[in-house]
Asks: 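Let me give you the structure first, and then I'll get to my questions.
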Amino acid sequence: MSLQIYNTLSRKKEVFKPLHPTHVGMYVCGPTVYGDPHLGHARPAITFDIVFRYLQHLGFKVRYVRNITDAGHLENDAEVGEDKIAKKARLEQLEPMEVVQYYTLRYHQAIEALNCLSPNIEPRATGHIIEQIEMVKQILENELAYETNGSVYLDVNKYNEKYPYGKLSGRNLEDTLENTRSLDGQDEKKSPVDFAIWKKAAPEHIMRWPSPWGEGFPGWHLECSAMSSKYLGDTFDIHGGGMDLVFPHHEAEIAQSNACNDCDPAKFWMHNNMITINGKKMGKSLGNAVNLEQFFTGNHDLLERAFAPMTIRFFILQAHYRSTVDFSNEALQAAEKGMAKLMNAYETLEGITVSDSSTYDLAELKDKCYAAMNDDFNTPILISHLFDGVRIINSVKDGTEQLSANDLDDLKQLFQTFVIDILGLKPNKEEAGNDLTNELMDIVLQLRSKAKENKDWDSADLIREELNKLNIQVKDGKEGSSWQLKN
RNA sequence: GGUCUCGUGGCCGAGUGGCUAGGCAGCGGUCUGCAAAACCGUGUACAGCGGUUCGAAUCCGCUCGAGACCUCCA
């Protein structure tokens, strides 16, 4: 079975075929760096990290581009708006690029903690002003945009005569027209549906660049069009982002690309769903967002305690990327325990004894795992199959199931591939101590064994309880005691 | 108001015309000095009302409820 991906454009799953047999180009909308990264930012980062990892596992050479938006998004409407970055800078008395730098680093730290691989290219809007200006010039030349008072607007009605506007979000121009809210200062536009691809900068606007139309800044959606075509070509394989970007952002991107290059930017449009909290979308503007750092430290009213980055990752992966996932302490704690079970089994795999034959069909498990991923990256199904593997691992350890040496190798390979390489999970706990710690623990456990031999349960229990307070869990097995750090 | 999505057992969350994922919690058991862990067993859930069908949680219609987008948002 080959990889199928749900394409927002067609609203169905399609067999994934890259434009070039061996290479895949993927562009994902990154963050606007004017605030701390929150749980909502983790979703696309993780979703497309999985896509990136799996495509590479399948043998594709992937170029993954994720932008940093550090200019161009307006706070309000086009006319009276103020650049988000500039507003924050003014409020904090900082240089705009200082704000950008700070929050870019914060974003990187949080996303790295979630074990997301770095994109191959992470372009910034402010570093591609020239490319954006060139794009505006081309669209003007193609007569699908017009200039008014130093601003340039895409002429959506004219565009719609040649290309269908609204095909990604499933709307037609009439509906869009009817439902466009009346904003102030629309008089520069021929039609309310037109959108700015270049905006004249007001005198107080500090992020500004010279252009053929005077001092200004690029329109809301232009950076992604300019940067994706620069690094991936005018048409590339996958464009990703959050569902909330479908309209107008991605719709505008499609329009800009067609207006400029006479082609759609991407073959596949992938959109991750939202994370909700009490059933409502978690969003900065809604005031219910929880920063990733707050999750890691537990420092938030909604959080009963801290949660490790890997718990967040597992929590998100337990839902399919196109479904909403509802945040709660209870759900997070369930994820934490589930992941611990999975990772413990992964470690148990190392100390397992083999038999002459197997009582379990490993090939079938492997097929199921691939089938799950091939079905539009269905990580929850994959995880459910991996828990089947967990049961086998623990049963083999208990002696109620057997694995041959070959099958054990395959199972190790399977867990390495899917748990570590593709899902990108890693044990929460620190590497289990250095040599000194290990030797000390050997001594402690020896002492405890002596106590147990002497039926000195008080001493044995005391040692166990005290170690427990140090976050060390002692487990008594048939072949002696072992220990591990708790999460 | 327009467009669209969704409503699954205590919680989270897959699936989707018949074979009834998975995790967490609960209950019973095995193991253990006791624990922990693990393993075994256990829940007959799919908002409501109609319709299609031999058969629907899954298809269609209606009702109720929730949410998303239409404005920056991941």
Asks: Is C34(B) paired to anything, Watson-Crick or G-U wobble with both distances less than 3.5 Å, and if yes, which nucleotide?
Replies: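 Base-paired to nothing in any strand shown.
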Asks: Pick base, sugar-phosphate or nothing for T324(A), based on heavy-atom distances below 4.0 Å to the nucleic acid.
Replies: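 Sugar-phosphate, no base atom in range.
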Asks: Take atom C1' in G65(B) and the same atom in G22(B), then report the distance between them in whole Å.
Replies: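 Comparing C1' positions in G65(B) and G22(B) gives a spacing of 28 Å.
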Asks: How far, in whole Å, is U42(B) from U5(B) if one measures between their P atoms?
Replies: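 Straight-line distance between the two P atoms is 38 Å.
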Asks: Which nucleotide in the list C34(B), G13(B), C70(B) gets nearest to the side chain of D476(A)?
Replies: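 Closest nucleotide among those given: C34(B).
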Asks: Is there a donor-acceptor contact under 3.5 Å linking the side chains of Y360(A) and D388(A)?
Replies: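 Distance-only check passes for Y360(A) and D388(A).
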Asks: Look at R391(A) and C40(B) and indicate whether a side-chain polar atom (N or O) is within less than 4.0 Å of OP1 or OP2.
Replies: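 Yes, such a contact exists.
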Asks: Checking base pairs now: Watson-Crick or wobble, both atom distances under 3.5 Å. What partners G9(B)?
Replies: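 Paired with G9(B), as far as the under-3.5 Å criterion goes, is no nucleotide at all.
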Asks: Do the side-chain N and O atoms of Y102(A) and K88(A) include a donor-acceptor pair separated by under 3.5 angstrom?
Replies: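 Checked: Y102(A)/K88(A) side chains show no N/O donor-acceptor pair below 3.5 Å.
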Asks: Rounded to whole angstroms, how far apart are CG on N344(A) and C1' on C39(B)?
Replies: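 Between C1' of C39(B) and CG of N344(A): 15 Å.
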Asks: When rounded to the nearest Å, what value does the distance between C1' atoms of G61(B) and A25(B) take?
Replies: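 That atom pair is separated by 39 Å.
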Asks: Could you measure between the two P atoms, the one in A66(B) and the one in C27(B), and give it in whole Å?
Replies: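 Pairwise P distance, A66(B) against C27(B), rounds to 35 Å.
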Asks: Ring centres of F327(A) and F295(A) under 6.0 Å apart?
Replies: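 Close enough - the centres of the two rings lie under 6.0 Å apart.
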Asks: Could you tell me whether E465(A) and K469(A) make a salt bridge, using a distance below 4.0 angstrom between a side-chain N and a carboxylate O?
Replies: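 Looking at K469(A) together with E465(A), the answer is no, because their closest N to O distance does not fall below 4.0 Å.
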Asks: CZ of R464(A) versus P of A36(B): gap in Å, rounded?
Replies: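 So the CZ-P distance, R464(A) to A36(B), works out to 9 Å.
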Asks: Determine: side-chain N/O of S323(A) to OP1/OP2 of A14(B), distance under 4.0 Å, yes or no.
Replies: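 It does, given that an N or O in the side chain of S323(A) lies less than 4.0 Å from OP1 or OP2 of A14(B).
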Asks: How far, in whole Å, is U52(B) from G13(B) if one measures between their P atoms?
Replies: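 G13(B) and U52(B) have their P atoms separated by 35 Å.
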Asks: Scan every strand shown for a Watson-Crick or G-U wobble partner of G41(B), both distances under 3.5 Å, and answer none if you come up empty.
Replies: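 Paired with C27(B).
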Asks: Output the single nucleotide from G33(B), A74(B), G15(B) whose closest atom is nearest the side chain of L245(A).
Replies: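 Nucleotide nearest to L245(A)'s side chain: A74(B).
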Asks: Both distances below 3.5 Å, Watson-Crick or wobble geometry, any strand: find the nucleotide opposite A68(B).
Replies: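 Paired with U3(B).
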Asks: Rounded to whole Å, please give me the gap between CG in D326(A) and P in A14(B).
Replies: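 In whole Å, A14(B) P and D326(A) CG are 11 Å from each other.
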Asks: Looking at every strand, decide which applies to V474(A) at a 4.0 Å heavy-atom threshold: base, sugar-phosphate, or nothing.
Replies: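 V474(A): base contact, heavy atoms under 4.0 Å.
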Asks: Ignoring the backbone of V325(A), work out which of G13(B), A14(B), A74(B) is nearest its side chain.
Replies: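 The answer is G13(B), which lies nearest to the side chain.
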Asks: Considering only atom P, compute the distance from C24(B) to A38(B) and round it to an integer number of Å.
Replies: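 Nearest-Å result for C24(B) against A38(B) at atom P: 7 Å.
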Asks: When you measure from the centre of the six-membered ring of F247(A), is the NZ or CZ of R171(A) closer than 6.0 Å and no more than 45° off the axis?
Replies: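 The answer is yes; both the distance and angle limits are met.
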Asks: For D458(A) and G33(B), what is the distance between atoms CG and C1' respectively, to the nearest whole Å?
Replies: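 To the nearest whole Å, that distance equals 11 Å.
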Asks: Using the C1' atom as the point on both nucleotides, what is the distance between A68(B) and G17(B), in whole Å?
Replies: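 So the two C1' atoms sit 29 Å from each other.
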Asks: Using a cut-off of strictly less than 4.0 Å, decide whether N394(A) has a side-chain nitrogen or oxygen near OP1 or OP2 of C40(B).
Replies: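 Indeed not, no polar side-chain atom of N394(A) lies that close.
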Asks: Just call it for I275(A): base, sugar-phosphate, or nothing, with non-hydrogen atoms closer than 4.0 Å on any strand.
Replies: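 Touches a base.
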Asks: If a protein heavy atom is under 4.0 Å from the base, mark B; if only from the sugar-phosphate, S; if neither, -; do that for nucleotides 18-24 of chain B going 5' to 3'.
Replies: ---BSBS
Asks: Tell which nucleotide pairs with C19(B), taking only Watson-Crick or G-U wobble pairs whose two distances are both under 3.5 angstrom.
Replies: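 Per the H-bond distance test, none.
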Asks: Using the C1' atom as the reference point in each nucleotide, state the distance between A56(B) and G41(B) in Å, no decimals.
Replies: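 Their C1' atoms lie roughly 30 Å apart.
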Asks: Over how many whole Å does the gap from E336(A) atom CD to A37(B) atom C1' extend?
Replies: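 That distance rounds to 16 Å.
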Asks: Is it true that N67(A) and T69(A) share a donor-acceptor pair across their side chains at a distance under 3.5 Å?
Replies: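 Looking only at side-chain atoms, N67(A) and T69(A) do form a donor-acceptor pair, the distance falling under 3.5 Å.
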Asks: If I take atom CG in residue D461(A) and atom P in nucleotide A36(B), what distance separates them, rounded to the nearest angstrom?
Replies: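 These atoms are roughly 12 Å apart.
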Asks: Starting from the 5' end of RNA chain B, give me the residue, N273(A) or S395(A), whose nearest nucleotide shows up first.
Replies: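 The answer here is S395(A).
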Asks: Is a donor-acceptor contact shorter than 3.5 angstrom present between the side chain of K397(A) and the base of C39(B)?
Replies: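 Result: no qualifying N/O pair found.
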Asks: CZ of F315(A) versus C1' of C12(B): gap in Å, rounded?
Replies: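 Going from CZ in F315(A) over to C1' in C12(B) covers 7 Å.
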Asks: Strictly by modelled atom types, are Q402(A) and T359(A) linked by a side-chain donor-acceptor pair under 3.5 Å?
Replies: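 No, T359(A) and Q402(A) have no side-chain donor paired with an acceptor closer than 3.5 Å.
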Asks: Establish, with yes or no, whether the OP1 or OP2 oxygen of G67(B) is under 4.0 angstrom from a side-chain nitrogen or oxygen of K280(A).
Replies: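 Yes, within the criterion.
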Asks: May I ask you to check whether H250(A) and H271(A) show a side-chain donor-acceptor distance below 3.5 Å?
Replies: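 Judged by distance alone, the side chains do pair up.
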Asks: With no hydrogens and no angle check, just 3.5 Å: does a side-chain donor-acceptor pair link N157(A) and S191(A)?
Replies: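 On atom types as modelled, these side chains qualify, holding a pair under 3.5 Å.
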Asks: Return the set of residues passing side-chain contact (heavy atoms from CB on, under 4.5 Å) with A331(A) (not counting sequence neighbours), or none when no residue passes.
Replies: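 Only F315(A), S328(A) meet the side-chain contact (heavy atoms from CB on, under 4.5 Å) criterion with A331(A).
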Asks: Can you tell me the pairing partner of A57(B) across any strand shown, Watson-Crick or G-U wobble, with both distances under 3.5 angstrom?
Replies: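 The base-pairing partner of A57(B), which may sit in any strand shown, does not exist here.
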Asks: Over all strands shown, is G242(A) touching base, sugar-phosphate only, or nothing at heavy-atom distances under 4.0 angstrom?
Replies: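 It contacts sugar-phosphate atoms only.
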Asks: Rounded to the nearest Å, what distance is computed from the CE atom of residue M243(A) to the P atom of nucleotide C4(B)?
Replies: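 So the CE-P distance, M243(A) to C4(B), works out to 15 Å.
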Asks: Identify, between D398(A) and R11(A), the residue whose nearest nucleotide on RNA chain B lies closer to the 5' end.
Replies: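 Final value for this comparison: R11(A).
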